[in-house]
Undergrad: 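I have a structure here, written as structure tokens, and I will follow up with some questions on it.
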Amino acid sequence: MRIAVVRFPGANCDQDALHALRDDMGFQAEYVWHEEASLAGFEGVFLPGGFSYGDYLRGGAIAARAPIMDEVKRFAQEGRPVLGACNGFQVLCEAGILSGALLKNRGLRFVCRDVWIRAEERGSIWTEAVDRPLQIPIAHNEGRFTAGEEDLRRIEGEGLVAFRYVAGPDPAQPINPNGSANDIAGVFNPARNVLGMMPHPERASRANLGSTDGRLILQGFATVLAR
């Protein structure tokens, strides 16, 4: 499976994504520059984390208007797999591909640590293998998921909450690391082929990183191809 790892100026998790997808998961992953206008030949898209354009305007706001995003929207509309982690999640929301927005963390501090998340909806390529809470790292300053009251009711009512933060083994750590509405850590689009999440599954793909739980999410790329 050939997966595009989109590179935006300032993003710093593109190498993590490429190595996780290629070396740990066995996919054919390649970089695609944000100014490209075609994703021909690719079967999936990964939008990595890491301060695209320095997040000087707002997390993901400028990257969402890059030329490659027209192709990402087409991918999403065609039902192809698209995964955005951290800044990639922000880009998907800013592009209107996913509902909601990511605001500054409660406490206005950068948060970098492992969290525990639970799959809320198993009927998707991204979560059907997730049958237990996952230990996944986060690293963000703007990860507080929010949506208007009506949108939040719709997201919950339509089963579009992909992951929710849950308690881990350390009672001293807060369950919700950033103040996200309803402890939401990730959401789907209505067709559930697009997943945005603040935790980094690509940083939990091998044992020497501290966890391999991210592999259960990343294998969603292979699942959609097998159908």
Undergrad: Check the pair Asn178 / Val111 against side chain to side chain contact (heavy atoms under 4.5 Å, CB included), numbers first and verdict last.
TA: CA-CA 8 Å; Asn178 48 40; Val111 180; 5.7 Å; no
Undergrad: Strictly distance-based, threshold 3.5 Å: is any side-chain N or O of Asn193 a donor or acceptor partner for the main-chain N or O of Ala76?
TA: yes
Undergrad: Can any side-chain N or O of Ser124 pair as donor or acceptor with the backbone N or O of Thr127 at less than 3.5 Å?
TA: yes
Undergrad: Is the shortest side-chain heavy-atom distance between Val45 and Ile3 below 4.5 Å?
TA: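 No, side chains not in contact.
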Undergrad: Do you know which two heavy atoms are closest between Val5 and Ala29, and how far apart they sit?
TA: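 Nearest pair, atom of Val5 first, then Ala29: CG2-CB, 4.3 Å.
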Undergrad: Please tell me whether Tyr165 and Leu152 are part of a single hydrophobic cluster in this structure, the criterion being side-chain heavy atoms less than 4.5 Å apart.
TA: yes
Undergrad: Do Arg118 and Val130 come close enough that some side-chain heavy atom pair is under 4.5 Å?
TA: no
Undergrad: Would you kindly confirm whether Ile138 and Leu209 end up in one hydrophobic cluster when ILVMFWY residues are joined by side chain heavy atoms under 4.5 Å apart?
TA: no
Undergrad: Are Phe163 and Trp116 near enough that their ring centres are under 6.0 Å apart?
TA: no
Undergrad: Start with the C-alpha distance between Glu71 and Arg74, add both sets of side-chain angles, then the distance that settles salt bridge (charged side-chain N to carboxylate O under 4.0 Å, His left out), and finish with yes or no.
TA: CA-CA 5 Å; Glu71 275 288 88; Arg74 181 178 66 82; 2.7 Å; yes
Undergrad: Distance check, rounded to the nearest 0.5 Å: Phe221 atom CZ versus Ile125 atom CD1?
TA: 7.5 Å
Undergrad: Compute whether any side-chain donor of one residue and acceptor of the other, for Ser52 and Asn87, lie under 3.5 angstrom apart.
TA: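 Side-chain D/A pair, Ser52 to Asn87: present.
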Undergrad: Would you say the side chain of Val194 lies within less than 4.5 Å of the side chain of Phe188, judging by non-hydrogen atoms?
TA: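 Result no, sub-4.5 Å side-chain heavy-atom pair not found.
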Undergrad: Run the salt-bridge test on Arg154 and Glu156 with the 4.0 Å N-O cut-off and return the result as yes or no.
TA: no
Undergrad: With rounding to the nearest 0.5 Å, note down the distance linking CE in Met198 to CD1 in Ile184.
TA: 13.5 Å
Undergrad: Any chance you could measure Glu150, atom CD, to Ile155, atom CD1, to the nearest 0.5 Å?
TA: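 So the CD of Glu150 and the CD1 of Ile155 are separated by 11.0 Å.
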Undergrad: Could you point out which residue of Arg203, Arg132, Arg206 forms a salt bridge (Lys or Arg N to Asp or Glu O under 4.0 Å) with Asp213?
TA: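 Of all the options given, the one that passes is Arg132.
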Undergrad: Under 3.5 Å, side chain of Arg106 to main-chain N/O of Asn176, donor-acceptor pair present?
TA: yes
Undergrad: Evaluate the side-chain proximity of Leu18 to Tyr31: yes if any heavy-atom separation is below 4.5 Å, no if none is.
TA: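 Side-chain contact under 4.5 Å: yes.
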Undergrad: Taking the side chain as every heavy atom from C-beta outward, state whether Met69 and Val91 have any atom pair closer than 4.5 Å.
TA: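 Side-chain contact under 4.5 Å: yes.
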Undergrad: Is it the case that over 12 heavy atoms from other parts of the model lie below 6.0 angstrom from the CD atom of Gln15?
TA: no
Undergrad: Quick check: does any side chain N or O of Ser180 sit under 3.5 Å from a backbone N or O of Gly143, one acting as donor and the other as acceptor?
TA: yes
Undergrad: Is the count of non-hydrogen atoms from other residues, nucleotides or ligands lying under 6.0 Å from Tyr56 atom OH greater than 12?
TA: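 Atom OH in Tyr56 is not crowded, with 12 or fewer foreign heavy atoms closer than 6.0 Å.
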Undergrad: For the residue pair His34 and Phe8, categorise the inter-ring angle as parallel (less than 30°), tilted (30 to 60°) or perpendicular (more than 60°).
TA: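 Aromatic pair His34/Phe8 classed tilted.
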Undergrad: So, the side chain of Arg164 versus the backbone of Ala185: is there a donor-acceptor pair under 3.5 Å, distance only?
TA: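 Flag not set: sc Arg164 to bb Ala185 has no pair under 3.5 Å.
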Undergrad: CG of Asn189 to CD of Gln77: how many Å apart, nearest 0.5 Å?
TA: 10.0 Å
Undergrad: Could you check whether Arg80 pairs with Glu43 (Lys NZ or Arg NE/NH1/NH2 to Asp/Glu carboxylate O, under 4.0 Å)?
TA: no
Undergrad: Roughly how far apart are Arg65 CZ and Leu57 CG, rounded to 0.5 Å?
TA: 7.5 Å
Undergrad: What are the two closest non-hydrogen atoms of Asn141 and Arg109, and how far apart are they?
TA: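 Taking every non-hydrogen atom into account, OD1-C, 3.5 Å.
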Undergrad: Judged by atom type as modelled, is there a donor-acceptor pair below 3.5 Å linking the side chain of Arg58 to the main-chain atoms of Gln90?
TA: no
Undergrad: Any side-chain donor-acceptor pair under 3.5 Å between Arg22 and Gln28?
TA: no
Undergrad: For the CD atom of Glu128 and the CG atom of Leu216, what is their distance to the nearest 0.5 Å?
TA: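 Interatomic distance, Glu128 CD to Leu216 CG, rounded to 0.5 Å: 11.0 Å.
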Undergrad: When hydrophobic residues are tied together by side-chain contacts of less than 4.5 Å, even through go-betweens, does Phe145 share a cluster with Ile175?
TA: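 Both belong to a single hydrophobic cluster.
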Undergrad: Can you name the nearest heavy-atom pair linking Trp33 to Ile68, along with the distance?
TA: O-CB, 4.3 Å
Undergrad: Is there a donor-acceptor contact under 3.5 Å from the side chain of Arg144 to the main chain of Lys104?
TA: yes
Undergrad: What are the two closest non-hydrogen atoms of Lys73 and Ile97, and how far apart are they?
TA: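 Nearest heavy atoms, Lys73 then Ile97: CG-CD1, 3.6 Å.
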Undergrad: Please confirm whether the backbone N or O of Gly159 pairs with a side-chain atom of Arg192, one donor and one acceptor, at under 3.5 Å?
TA: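 Checking the backbone N and O of Gly159 against the side chain of Arg192, a donor-acceptor pair under 3.5 Å is found.
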Undergrad: Counting only N and O atoms by type, is there a donor-acceptor contact under 3.5 Å from the side chain of Asn105 to the main-chain atoms of Leu108?
TA: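 No.
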Undergrad: Closest approach of Glu35 and Pro67, non-hydrogen atoms and distance?
TA: O-CB, 3.8 Å
Undergrad: A side-chain contact here means heavy atoms from C-beta on lying under 4.5 Å apart; do Val82 and Leu195 qualify?
TA: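 No - every pair of side-chain heavy atoms lies 4.5 Å or more apart.
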Undergrad: Find out whether Glu202 and Phe46 are in side-chain contact, i.e. whether some heavy atom of one side chain is under 4.5 Å from a heavy atom of the other.
TA: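 Sidechains of Phe46 and Glu202: in contact.
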Undergrad: Assigning hydrophobic clusters by single linkage (Ile, Leu, Val, Met, Phe, Trp, Tyr; side-chain heavy-atom cutoff under 4.5 Å), is Leu83 placed with Met1?
TA: yes
Undergrad: Can you confirm whether more than 12 heavy atoms, excluding those of Glu149, are under 6.0 Å from its CD atom?
TA: no
Undergrad: Could you tell me whether the side chain of Val161 reaches within less than 4.5 Å of the side chain of Glu121, counting heavy atoms only?
TA: no
Undergrad: Given 3.5 Å as the limit, does a donor-acceptor pair link the side chain of Ser211 with the main chain of Ile136, or not?
TA: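 No; judged by distance alone, with no hydrogens or angles, the pair does not exist.
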Undergrad: Would you say the ring centers of His140 and Phe89 fall short of 6.0 Å from each other?
TA: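 No; Phe89 has its ring centre 6.0 Å or more from that of His140.
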Undergrad: Which atom names give the shortest non-hydrogen contact between Ile217 and Leu134, and what distance separates them?
TA: CD1-CD1, 3.8 Å
